[in-house]
Amino acid sequence: MSSAKKTTDHKEIRKWIEARKGRPSVVSSTHDNGREGGLLRVDFAEKDEALEEIEWEEFFKIFDENKLAFLHQDKTEDGKESRFNKFVSAEDE
C-alpha cells in the first residue's frame, strides 16, 4: 500500500519537485488577487497555460505566509514514481 507524506521542509519539497522535473508555479488567475501570492501548484512536463512559473524564493514565501504543508507520494501502489502532491494547511493534523 502506498501512502502520502506531509512536510514543511523547503529542501525536501524542492528535491521532490525537481526530481520529477516539476516547476514551482501559481494559478495565473490568482497570482495578483491579494490572497498572499496566489494558489500554489507544481507544473510538470508540458507547460500548463493556466499556471505561471515563479522563482523558488517566491514559491516558499507564499508557502510560509499561508502556513502550508506539502502532501506528497513517493511511489504509486505498483512501485512507479508518483507525482501526486497537494498543498494543505500545516496546522491540520
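- Ring planes of F60 and F63: perpendicular class, angle over 60° (limits at 30 and 60°).
- Separating the OG atom in S28 from the CG atom in L39 is a distance of 11.0 Å, to the nearest 0.5 Å.
- In terms of modelled atom types and a separation under 3.5 Å, the side chain of D48 and the main chain of A50 share a donor-acceptor contact.
- Judged purely by distance below 3.5 Å, without hydrogens or angles, the side chains of E12 and T7 pair a donor atom with an acceptor atom.
- Between K6 atom NZ and L68 atom CG the span is 10.0 Å, to the nearest 0.5 Å.
- One N or O on the side chain of R23 and one on the backbone of A45 form a donor-acceptor pair closer than 3.5 Å.
- The distance from atom CD1 of I17 to atom OG of S25, rounded to the nearest 0.5 Å, is 9.0 Å.
- Looking at heavy atoms from C-beta onward, D64 lies out of side-chain contact with T8 at the 4.5 angstrom threshold.
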Please report the C-alpha distance between F44 and K21 in whole Å, then the side-chain angles of each, then the deciding distance to 0.1 Å, and finally whether the side-chain contact (heavy atoms from CB on, under 4.5 Å) criterion is met.
-> CA-CA 6 Å; F44 296 101; K21 298 183 180 17; 5.9 Å; no
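- Between F70 and H72, the two ring planes are parallel [angle under 30°; tilted spans 30° to 60°].
- Enclosure of atom CD in E55 is not indicated, since only 12 or fewer non-hydrogen atoms of other residues, nucleotides or ligands lie within 6.0 angstrom.
- Under a 3.5 Å cut-off, the side chain of R20 and the backbone N or O of S82 do form a donor-acceptor pair.
- Classification of E65 and K61 as a salt-bridged pair holds, one side-chain N sitting under 4.0 Å from a carboxylate O.
- Taking CG of D74 as the reference point, atom NZ of K5 lies at 3.5 Å (rounded to 0.5 Å).
- In this structure, K67 places its NZ atom where only 12 or fewer heavy-atom neighbours from other residues, nucleotides or ligands lie under 6.0 Å away.
- Distance check: E53 CD to R41 CZ gives 16.0 Å after rounding to the nearest 0.5 Å.
- Of all non-hydrogen atoms in F87 and V42, the two that sit nearest each other are CZ-CG2, 4.2 Å.
- Using modelled atom types, one side-chain atom of N85 and one backbone atom of R83 make a donor-acceptor pair closer than 3.5 Å.
- Summarising the geometry, atom CG belonging to D43 is positioned 4.5 Å from atom CG belonging to L51; distances are rounded to the nearest 0.5 Å.
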